[in-house]
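Just below is one structure, and these are the notes that go with it.
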Amino acid sequence: MDDKHMQIGEVAARTELSLRTIRHYEETGLVTPSARSQGGFRLYTKTDVARLMVIRRMKPLGFTLDQMRDLLEATARLDNEPDLDTGEREALLDRVREYEQAATEQVNKLRVQLARAEDFAATLGARLEQSVQAARP
């Protein structure tokens, strides 16, 4: 096997995704191995790994599989179709901009949730300390 292809175990290690998750994304059509070995093992390229990383980053932000597929299609067309007419290119860029905006909004919501969670943890810590101090003679 050449340096350009990785087996699923290496891809799982690089992406921190389970083998099962990678296979699921294959079943749903989000990522397709670029090749198969003579023994039938899935072989992935750096491009495949990059697609998996996009999916991994979108999932905790609440994007659906269809949205992931749509963004991956748009970015692949932008990257691989240099002869797109101006209208098509702008439409694809608009789709990517919408995902960027949605991701930014979700990140901001998560920051608020994190701040609340940190405040709650600090409040509990202070409460525990108070109780420990009160229990000392």
Side-chain angles (χ1 to χ4, degrees):
M1 180 171 40
D2 60 41
D3 292 335
K4 292 183 180 183
H5 288 97
M6 296 165 266
Q7 289 189 7
I8 194 169
E10 183 180 349
V11 172
R14 285 182 182 221
T15 61
E16 298 178 349
L17 294 169
S18 69
L19 301 177
R20 181 178 177 183
T21 297
I22 295 170
R23 289 182 187 116
H24 172 71
Y25 291 148
E26 179 185 355
E27 290 168 9
T28 60
L30 286 173
V31 176
T32 304
S34 291
R36 293 261 181 183
S37 70
Q38 287 182 346
F41 294 106
R42 295 166 174 84
L43 298 176
Y44 298 87
T45 63
K46 288 181 182 179
T47 301
D48 300 327
V49 171
R51 284 178 67 90
L52 284 165
M53 292 302 293
V54 169
I55 295 163
R56 193 185 95 183
R57 290 177 181 124
M58 290 181 80
K59 186 163 178 48
L61 296 178
F63 289 100
T64 66
L65 294 178
D66 286 338
Q67 289 171 316
M68 293 174 193
R69 189 176 294 106
D70 184 54
L71 177 62
L72 289 166
E73 177 196 323
T75 56
R77 289 191 64 205
L78 286 167
D79 292 344
N80 300 321
E81 296 180 29
D83 297 335
L84 288 169
D85 69 50
T86 304
E88 279 183 289
R89 179 168 297 286
E90 272 308 309
L92 291 169
L93 289 170
D94 285 345
R95 279 169 51 194
V96 174
R97 284 184 194 106
E98 288 173 11
Y99 285 108
E100 187 272 338
Q101 182 179 2
T104 299
E105 288 172 7
Q106 190 60 25
V107 166
N108 290 334
K109 288 178 186 177
L110 289 170
R111 282 192 178 114
V112 169
Q113 287 181 333
L114 179 59
R116 289 178 181 158
E118 288 172 335
D119 183 53
F120 178 63
T123 300
L124 288 176
R127 175 70 175 93
L128 285 170
E129 183 62 30
Q130 204 176 37
S131 295
V132 169
Q133 293 297 327
R136 289 192 179 142

Nearest heavy atoms of V96 and A74, plus distance in Å: CG2-CB, 4.2 Å
T28 and H24: CA distance, side-chain angles, deciding distance, side chain to side chain contact (heavy atoms under 4.5 Å, CB included) verdict: CA-CA 6 Å; T28 60; H24 172 71; 3.6 Å; yes
For residues D70 and R95, report the shortest heavy-atom separation together with the two atoms involved. OD1-NH2, 2.6 Å
Are D94 and R97 ion-paired here, with the side-chain N under 4.0 Å from a carboxylate O? yes
Could you walk me through whether N108 and T104 satisfy the side chain to side chain contact (heavy atoms under 4.5 Å, CB included) test, starting with their C-alpha distance in whole Å, then the side-chain angles of each, then the deciding distance to 0.1 Å, before giving a yes or no? CA-CA 6 Å; N108 290 334; T104 299; 4.0 Å; yes
Quick test of your reading of the model: are R69 and D66 salt-bridged, counting only N-O distances below 4.0 Å? yes
Please tell me whether R51 and T47 have a donor and an acceptor in their side chains that are separated by less than 3.5 angstrom. no
Straight-line distance of R77 CZ to R89 CZ, nearest 0.5 Å: 9.5 Å
Testing the basics here: between H5 and S34, what is the closest heavy-atom pair and its distance to 0.1 Å? NE2-CB, 4.5 Å
Spacing of M68 atom CE and K59 atom NZ [to the nearest 0.5 Å]: 6.0 Å
Inter-residue atom distance L43.CG - M6.CE, 0.5 Å rounding: 9.5 Å
Between E26 and D48, does the side chain to side chain contact (heavy atoms under 4.5 Å, CB included) criterion hold? Intermediate values first, please. CA-CA 11 Å; E26 179 185 355; D48 300 327; over 6 Å; no
What's the spacing between Q101 CD and E98 CD if we round to 0.5 Å? 8.0 Å
Hey, could you give me the CG/CG distance between L110 and L61, rounded to the nearest 0.5 Å? 6.5 Å
Between E118 and R111, is the closest basic N to carboxylate O distance under 4.0 Å? no
Does any non-hydrogen side-chain atom of Y44 lie less than 4.5 Å from one of I22? yes
Donor-acceptor contact present, side-chain R56 to main-chain L17, <3.5 Å: no
Please name the pair of heavy atoms, one in R23 and one in I8, separated by the smallest distance, quoted to 0.1 Å. CG-CD1, 4.0 Å
Do T21 and L52 come within less than 4.5 Å of each other through their side chains, counting heavy atoms only? no
Test Y25 against L65 for side chain to side chain contact (heavy atoms under 4.5 Å, CB included), laying out the working first. CA-CA 9 Å; Y25 291 148; L65 294 178; 4.1 Å; yes
Nearest heavy-atom pair of M58 and Y99: which atoms, and what distance? CE-CD2, 4.3 Å
Output for pair (L71 CG, L92 CG), nearest 0.5 Å, gives 10.5 Å
